[in-house]
A.B. asks: 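To start, I am sharing the structure in question, which I have written as structure tokens.
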Amino acid sequence: MTDLLAYTVVGVVLSVAAMAVFDGVFALLGLGRFGSLNGWLAAVFPAMIFVEQFRAAREWSGRLPTAVLAVVAGIGLGLLAASFAAGLPALISGALGALVATVVYAVVWHVGLAFVNR
């Protein structure tokens, strides 16, 4: 689980850094305000990791219900975290939501598979 959490957190952090650079360039060119980019895009790299985790768990019997539970819990808590940061720029509030969603997903996925397949 430690590796999965590390990969997902690093994926979110790197995505946010790249988005901040692009958003800054767009702001300098007069194509919008800095921070207006949607921070939820930071969940793209972790989502690719989770798809590969799902494929790798092909022989595990409870992978589909565990994935569904992890998606619902992750997105739900991610939206809740983003709503608490609603006053901040979209880049920050969305990135916070993406970070919470990916961490929750990773924990529920790992613990859920271990519990279901005992």
Side-chain angles (χ1 to χ4, degrees):
M1 181 159 75
T2 307
D3 289 343
L4 182 59
L5 283 173
Y7 290 142
T8 58
V9 169
V10 168
V12 169
V13 170
L14 290 176
S15 296
V16 170
M19 288 188 309
V21 169
F22 281 112
D23 205 22
V25 169
F26 291 148
L28 288 174
L29 294 173
L31 299 174
R33 289 184 10 249
F34 180 75
S36 61
L37 191 64
N38 190 343
W40 279 97
L41 293 171
V44 171
F45 285 146
M48 290 189 295
I49 294 169
F50 298 145
V51 167
E52 290 305 316
Q53 287 281 315
F54 186 79
R55 285 185 189 167
R58 189 168 320 159
E59 66 275 353
W60 296 78
S61 62
R63 76 180 181 142
L64 184 60
T66 303
V68 170
L69 177 64
V71 166
V72 169
I75 291 175
L77 291 175
L79 286 171
L80 186 64
S83 71
F84 284 133
L88 298 173
L91 180 63
I92 303 299
S93 63
L96 178 64
L99 179 64
V100 169
T102 57
V103 167
V104 168
Y105 182 95
V107 170
V108 172
W109 170 255
H110 184 78
V111 172
L113 275 184
F115 179 75
V116 169
N117 292 302
R118 275 190 186 185

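Computed from heavy atoms alone, side chains included, the values below leave out hydrogens, waters and symmetry copies.
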A.B. asks: Are L91 and V13 linked, directly or through intermediate hydrophobic residues, by side-chain heavy-atom contacts shorter than 4.5 Å (ILVMFWY only)?
C.D. replies: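 As far as the 4.5 Å side-chain criterion goes, L91 and V13 are connected within one cluster.
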
A.B. asks: Can M19 and F22 be said to form a side chain to side chain contact (heavy atoms under 4.5 Å, CB included), step by step?
C.D. replies: CA-CA 5 Å; M19 288 188 309; F22 281 112; 5.7 Å; no

A.B. asks: If you count every heavy atom of other residues, nucleotides or ligands that lies below 6.0 Å from F84 atom CZ, does the total exceed 12?
C.D. replies: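 No, the 6.0 Å shell around CZ holds no more than 12 heavy atoms from other groups.
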
A.B. asks: Name the atoms and distances for all side-chain donor-acceptor pairs under 3.5 Å in residues 37-44, with sequence neighbours left out.
C.D. replies:
unit_1: N38; atom_1: OD1; unit_2: W40; atom_2: N; d: 3.0

A.B. asks: Minimum heavy-atom separation for V12 and A95, please, with both atom names.
C.D. replies: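 Between these two residues, the closest heavy atoms are CG1-O, 4.3 Å.
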
A.B. asks: Is it the case that one hydrophobic cluster holds both V104 and V107, taking links as side-chain heavy atoms less than 4.5 Å apart, direct or via other members?
C.D. replies: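 Different clusters.
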
A.B. asks: If you measure from CG on L4 to NE2 on H110, what distance do you get to the nearest 0.5 Å?
C.D. replies: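 Result: 8.0 Å between the selected atoms.
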
A.B. asks: Applying ring pair (Phe, Tyr, Trp, His ring centres under 6.0 Å), can you list everything that pairs with F50, at least two apart in sequence or on another chain?
C.D. replies: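 Per chain and number, F50 pairs via ring pair (Phe, Tyr, Trp, His ring centres under 6.0 Å) with Y105.
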
A.B. asks: Shared ILVMFWY cluster between W109 and I49, side chains joined below 4.5 angstrom?
C.D. replies: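 Yes, because W109 and I49 connect within a single hydrophobic cluster, where side-chain heavy atoms sit under 4.5 Å apart.
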
A.B. asks: Take V9 and T102 through the test side chain to side chain contact (heavy atoms under 4.5 Å, CB included) and record every step on the way to the result.
C.D. replies: CA-CA 8 Å; V9 169; T102 57; 5.8 Å; no

A.B. asks: Which heavy-atom pair separates D23 from R33 by the least distance, and what is that distance?
C.D. replies: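 Between these two residues, the closest heavy atoms are OD1-O, 3.9 Å.
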
A.B. asks: Looking at every non-hydrogen atom in both residues, tell me the closest pair between E52 and R55 and how far apart they are.
C.D. replies: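 Scanning both residues completely, I find the closest heavy atoms to be OE2-NH1, 3.1 Å.
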
A.B. asks: Linking I/L/V/M/F/W/Y whenever their side-chain heavy atoms sit closer than 4.5 Å, directly or via other members, would V103 and M1 fall into one cluster?
C.D. replies: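 Shared cluster, yes.
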
A.B. asks: Find out if a path of hydrophobic residues (ILVMFWY) with successive side-chain heavy-atom gaps under 4.5 Å connects L31 to V25.
C.D. replies: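 Shared cluster, yes.
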
A.B. asks: Indicate every side-chain donor-acceptor pair of residues 60-82 with a distance under 3.5 Å to a residue at least two apart or in another chain.
C.D. replies:
unit_1: S61; atom_1: OG; unit_2: N117; atom_2: OD1; d: 2.8
unit_1: R63; atom_1: NH1; unit_2: F54; atom_2: O; d: 2.6
unit_1: T66; atom_1: OG1; unit_2: G62; atom_2: O; d: 2.6

